Amino acid sequence: MGKFSRNVGSFDWVLIVLYLALISIGWINIYSASYDATADSFFSMDNLHSKQLLWILLGFFIISFILFLEAKFFERFSSVIYIASLLSLLLLFIFGKTISGATSWYNLGFMSLQPSEFAKAATALALAKYLSDIQTNIKTIRDQVRALAIIALPALIIIPQPDPGSALVYAAFIFPLYREGLAASYLILGASSITLFVLTLLIGPLYVALAVILIAAFLFYRNRKRRPSKRLYIGITFVACLFAFSVNYIFENIFEQRHRDRFNIVLGKEVDAKSIGYNTQQSEIAIGNGGWFGRGFLEGTQTKGKFVPEQHTDYIFSTVGEEWGFLGSTLVIGLFILLILRIIQLSEKQKNDFSRIYGYSVAGILFIHFVVNIGMVVGLLPTVGIPLPFFSYGGSGLWGFTILLFIFVKLDGNRVNEW
Amino acid sequence: MRKALLLFIVLTTGILFVSRLFYLQVYDTSAAVLSESNAIKKQYEIPQRGRIYDRNGKLLVSNQPSYDLMAIPREVKPFDTLQLCKLLNITKEKLVKQLDKARKYSPRHPSVIVPTMSQGEFAYLGEQMRKYEGFFIQKRSLRDYQVDFGANFLGYIQEVHQGIIDKNPYYTGGDLIGRQGVEQQYEDILRGEKGIKYLQKDRFNRVIGPYKEGALDKEPVEGKNIHLTIDAELQKYGQELMKGKRGGIVAIEPATGEILALITAPNYDPALMVGRERSKNYSLLDQDSIAKPLYDRALLGEYAPGSPFKALTGLIALQEDAMDIDEKVYCHGGMRYGRNRNFGCHHHRSPVSMIDGIAYSCNAYFGTAYLNSINKYNTPQEGITVWENHLKSFGLGDFMGYDLPIGKRGLIPTAKMYNRTYNYPKRRWGAAATLSNSIGQGEVLMTPVQMAHFTATIANRGWYYKPHILKKIEGTDTIPQDFATKKYTTIEPEHYEPIIQGLNDVYNYGTAASLKVPGIEISGKTGTAENFARIDGEKVQLTDHSTFVAFAPRENPKIAIAIFVENGYWGFRYGGRIASLMIEKYINREVTRKDLENWILTHSLEEEYAKPLSGEPFRINY
């Protein structure tokens, strides 16, 4: 107890206030999205918003617990936590409960628990531990492979659940890796692969290949005085063209139809409001309905009519858009960005590598969720089912993000004690 | 650089998202419109349309329930087609065709399969309806006419078409709107305001409750009943007298400008414009291009007014000091004017003064009076302009401003018009060129309602209210200000007395001496207007039109009336007789001269109307 009270002043209150603001606004919107005028009392546990309120309150106990623990606990036990987390994912294959096609939950009777929501924090701890090790040098291939293994292991277990959306989040670890010295070429490779992929889908491989060749020739010509390696240029150009021509194969054969549809909708190639495009279209209608100031709390016609499927979970942001308008949604986006920027800022202040790497992981994970979720809801990115942190309905998700964030709050609060 | 990457990406994403939100929420408003249509259902409640009464409180038009058989094609389950056809009294082909049409329009929205069934037809069907899934009955309100006349001023109601819906946001498909007559003129008052309920729908199109707790809902406002100035009994009587004739009768109460009767012949039963047979009936009436029953002759027929116009010529001459009241004019079969031309007249006592001139309808007298009035001025242009302004002060030569949606201006010629005709100033023209105006023949044109109106103005000795048909809106006690404002002519009141004496003498010893009504002092004027038709490209003269104007009694006049009977020959023969009967009917509420009444009722002009169409040579004016 003594330790906690001594530390209270050192916790970052900006983070805590942002957290409280986000879960409050999130809950108000869940209340609206799940509102049913005919329902029983406010506290009836049949109401989603009542349940969510319970998860939030229980979340406070989890926060207290984390803040009570010794800061060093997380660094010391990171491997144990990581392994336990992997086990919890593996055991799903035996004891898992299937909800809407994905075997991602343990049935605890009164609630379902989704271990993948907790695995993110565990992986972040493990990666931070590994990278902060004095012997690790991320510039070597060997250590790169090991780091990749730490990240990929949980993702690979999650993919066949199947829950590729949750697995996608592990891409977030590219940010701490890069911050710690991973070669920029990996990022460039990743970014250019995505660009090539999307471009090829849009304008076809032939034009992409032509463009690639032209750009390569231009760069070669400009750098000619430095005597660039012809082989390297030709090699990269060849691989890029090969990739462009194989995009269609990947798209048509490795992707499933629903994935293809999701891409096509965002790329504007296909608008089918009845089946696959329904979610996106209804979500855009609801958001557009908000106007400058929104329809007001419980006044969203699209929300009340439950036109947007999964509006209390993945599509919760459409409720914000409809009922609180452009100003409200901009505020929420602002809060998220402040939160992420604050985490980055604090991470940079850490004197301890472990805390910094962990902080970057937290920022990266929150950012990926934020981008993929809101990008999907506003119709900029293909549909990928991952929750909006602190907003979407669900106990596991809320607790997962709470743990993720508050371990960082604890580590950061301990900064002054490091010396 | 390594520290800035995530920072940079996060900020860029933020800007991108906010721009996207700006586009969706502020810039592109199509989503908001779409949202209204898919989440909110508007349910209309149509109020009862106002009833229409006559000036004595007799009900003319009320409402009757009517039933539409509707179907939502998607929900229609296989059913016993034959049985339903029997119940509906339609053929199977028709039913299948209607259902196909409905399906093509929309499988999800209700369409009308059989419109406007009567209570009787519905009674059969009602209890069987549950057998036919996807079908339902929609109740509507239709007009129920209590009288078989007056279609011309009552108008009718019909379903709004797309053009109206686009222009006026009040109306939506299936709404009814007044067309023609008072139904159109007082649409806003008669229809009331429909109620709207906004209902929140869910994604299955189910209603889940009121939208915003009904805060936007509107209760329907009942349509108001209106009372017309029409005297139903007089209207009906006039309609009967006009059977077999073509023309119009307009009766006005001089003291108020209220239209007592507005008759056009031939006419039709307003009930023809109601229900399932409406469009068929309308086509039949519309296609009758010879009798033209849809053409309201009382409001639209522009005719040469003929001799009744002499009263106006006399008034202007007196006002302009162009004639002394006792000045006499010799008439030996007409007057000489210009270069040896004759302005013909019939045989009567000569010489005549103003009063006799009216009583005998002397062309020479009024020709002289007219020329004197115009030639008083230095140029004929000036003279004609003065003359024209006097007539315009009666409200002639323009729309009357009455409260019915149709009308014609008539024509009062202007100096400008004659300048154009005679190519002035290259060639000059004199007052004599326009001499026919003096007796209402030349260029002057009037509608029957205009003739009744100037007669009423003479009866009032120089003032009038605009003619109108609305007496009262129930629940309010005002009529439009325009109809309650007294208007004055440019003729001094004292000039009216000699003219009225002349009109009175028409009955005492003049052209209508045999039409006196015992106990009522009538003043009137016969008119016989030449007219022509074009048959096979040749101008052929037809039997003259019979016109008549009158008012009674002489003091405190109660009724002013104008009659126009196409090809009725002498003004006395049809116009005079009908006017006399109408006045007796209105003032005494009873007609005692049964012989006269019988003569009119049994005399038809159909034979006369058939002549120009027969292709044979024919005689006129006998």
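Chain letters run A, B, ... following the sequence lines, proteins first and then strands; every chain starts at 1. Just so it is clear, the structure is predicted and the values come from calculations on it, not from any experiment.
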ask   = Measuring heavy-atom distances to chain B, does A/F175 have an atom under 4.5 Å in its side chain, in its backbone, in both, or in neither?
value = side chain
Region of A/L298 in contact with chain B, defined by heavy-atom distances below 4.5 Å = neither
request  = For B/Q128, check side chain to side chain donor-acceptor pair (under 3.5 Å) against everything at least two apart and list the hits.
outcome  = B/K131
request  = Under 4.5 Å heavy-atom distance to chain B, tell me which part of A/I374 shows up: side chain, backbone, both or neither.
outcome  = both
note = Filtered by a 4.5 Å non-hydrogen cutoff, the part of residues 8-18 of chain B contacting chain A is B/I9, B/V10, B/L11, B/T13, B/G14, B/L16, B/F17, B/V18
remark   = So, the part of A/F336 with a heavy atom under 4.5 Å from chain B: the answer is neither
request  = Would you check, one step at a time, whether the test side chain to side chain donor-acceptor pair (under 3.5 Å) holds for A/Q144 with A/Y186?
outcome  = CA-CA 11 Å; A/Q144 283 168 10; A/Y186 288 97; 2.4 Å; yes
request  = Enumerate the residue pairs fulfilling salt bridge (Lys or Arg N to Asp or Glu O under 4.0 Å) with a member in residues 175-193 of chain A, sequence neighbours excluded, ordered by first and then second residue.
outcome  = A/R179-A/E348, A/E180-A/R356
ask   = Can A/S347 and A/Q350 be counted as having a side-chain donor-acceptor contact under 3.5 angstrom?
value = no
key: Lys/Arg cation over aromatic B/Y170: B/R191, 6.0 Å, 45° cone   = yes
task = Among A/T330, A/V371, A/L187, single out the residue with the greatest number of heavy-atom pairs under 4.5 Å to chain B.
result = A/V371
query = Going by the salt bridge (Lys or Arg N to Asp or Glu O under 4.0 Å) test, which pairs reach into residues 325-346 of chain A, not counting sequence neighbours?
reply = A/D12-A/R342
ask   = Is any side-chain heavy atom of A/F370 less than 4.5 Å from a side-chain heavy atom of A/I333?
value = yes
ask   = Heavy-atom count around B/F136 CZ within 6.0 Å, excluding the residue itself: above 12?
value = yes
task = Flag the one option from A/G290, A/G181, A/G364, A/G296 with the top tally of heavy-atom pairs under 4.5 Å to chain B.
result = A/G181
request  = Taking the side chain as every heavy atom from C-beta outward, state whether B/K194 and B/P220 have any atom pair closer than 4.5 Å.
outcome  = no
key: chain B contact via A/F293 - which portion, at a heavy-atom distance below 4.5 Å   = neither
